[in-house]
Number of protein chains: 2
Amino acid sequence: MKRNTVQRQIILEAIRKLNSHPTVDEVYEEVHKLHPSISKVTVYRDLYQLADNHDIQRVILPGELARYDTRLDHHYHFKCKVCGAIFDINADDVADEAAMDKKVEQKYGFKVDKHDVTFLGICPDCQKKLST
Amino acid sequence: MKRNTVQRQIILEAIRKLNSHPTVDEVYEEVHKLHPSISKVTVYRDLYQLADNHDIQRVILPGELARYDTRLDHHYHFKCKVCGAIFDINADDVADEAAMDKKVEQKYGFKVDKHDVTFLGICPDCQKKLST
DNA sequence: ATTTATGCAAACTATTTGCATTGCC
DNA sequence: GGCAATGCAAATAGTTTGCATAAAT
């Protein structure tokens, strides 16, 4: 049976406060500020368990460290190659997810569970900074 | 200036022979069979340099080890969750790449270089094996 | 002759695991 | 009281780096 520990509550609050795809280290730093006795292993383990429990979502982008997301629905991501920030993209804004999966099934014979999309480019802020 | 070493030729032949998204280790194993004196560091370094030189392509899928591909054009990937194999998907078969990038630029203000797509599911072979 | 490439060992980074102790339920 | 969770240290996995030697140009 899962137990409701102080640490897990603090870690959950921290990621909710950070609120945008933090890495384990970033969550740990945030937690560490106010609760220096909580160890990084616990952050690793609790984030993993919270994701397992669907309180948060584990986000793995190509070539990136593990990140965790308070948003629970399936969506795409954009990574800014300048500042490194990760942004959410609503799949609906960009493509017909179901149609893509169906085409892969029909043309290749694969059974498709899902697909992940990662855009790479420059975010508005960095565009602005670069153009001045 | 780049030098044409025996090792690099052997490594290039090995990945061409393997021919489907091998990991560094898989290339090393292949090389090692016939040329046990070639070290793994050299495989790491040469694969990296060959990719730099556009002789091969580096493929990084979410949560996966680095892989290398003899195919040089941009395309999508499918990963079988049962056997772990990686398959190529032609972007054209599945989506309008340029249109997707354009929508992200228009709706979010990002400047998009490219996007990567990874499908997850079960390949035909594994479907067959599972259904029997 | 010069200077890149190789091979070894060691370093490094992110993450996981073993184990004794702590503390929820 | 029992068993999950914690924290420490150590292990692991993949990859990179420093350095002396070898070999391609």
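The figures that follow rest on heavy atoms only: side chains count, while hydrogens, waters and symmetry mates do not. The sequence lines fix the lettering, A, B, ..., with proteins before strands; numbering per chain opens at 1.
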Trainee: Do you know which two heavy atoms are closest between B:Met100 and A:Val117, and how far apart they sit?
Mentor: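 Where B:Met100 meets A:Val117 most closely, the heavy atoms are CE-CG1, 4.4 Å.
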Trainee: In whole angstrom, give the distance that lies between atom CZ of A:Arg58 and atom P of C:dT15.
Mentor: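 After rounding, the gap between these two atoms is 7 Å.
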Trainee: From CD1 of A:Ile60 over to C1' of C:dA14, roughly how many Å is that when rounded to an integer?
Mentor: 11 Å
Trainee: Taking all atoms of both residues into account, what is the closest heavy-atom pair of A:Tyr68 and A:Leu47, and its distance?
Mentor: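 Nearest heavy atoms, A:Tyr68 then A:Leu47: CE2-O, 3.5 Å.
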Trainee: Of all the heavy-atom pairs spanning A:Ile86 and A:His21, show the shortest one and how long it is.
Mentor: O-ND1, 3.5 Å
Trainee: List in numerical order all residues of residues 40-53 of chain A for which some heavy atom is under 4.0 Å away from an atom belonging to DNA chain D.
Mentor: A:Val41, A:Thr42, A:Arg45, A:Asp46, A:Gln49
Trainee: Determine whether the aromatic ring centres of residues B:Phe87 and A:Phe110 are separated by less than 6.0 angstrom.
Mentor: yes
Trainee: Strictly by modelled atom types, are A:Asp55 and A:Asn53 linked by a side-chain donor-acceptor pair under 3.5 Å?
Mentor: yes
Trainee: Could you tell me how far apart A:Glu26 (CD) and C:dA14 (P) are, to the nearest whole angstrom?
Mentor: 11 Å
Trainee: Polar atom pairs between nucleotides 22-25 of chain D and protein, under 3.5 Å, N or O only, would you list them?
Mentor:
unit_1	atom_1	unit_2	atom_2	d
D:dA24	N3	B:Arg3	NH1	3.3
D:dT25	OP1	B:Asn4	N	3.0

Trainee: Mind calculating the distance between CZ (A:Arg8) and C1' (C:dG23) to the nearest angstrom?
Mentor: 13 Å
Trainee: For A:Cys83 versus A:Cys126, what's the shortest heavy-atom pair and its separation?
Mentor: CB-SG, 3.6 Å
Trainee: Just how far, in rounded Å, is C1' of C:dA14 from OH of A:Tyr68?
Mentor: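 After rounding, the reported distance stands at 12 Å.
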Trainee: Of B:Ile11, B:Asp69, B:Leu50, which is the lone residue that meets side-chain contact (heavy atoms from CB on, under 4.5 Å) with B:Ile56?
Mentor: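 Passing option: B:Leu50.
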Trainee: Could you give the CG-to-C1' distance, from B:Leu61 to D:dG14, as a whole number of Å?
Mentor: 16 Å
Trainee: May I ask you to decide whether A:Asp52 forms a salt bridge with A:Arg58, counting only side-chain N to carboxylate O separations under 4.0 Å?
Mentor: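 Salt bridge: no.
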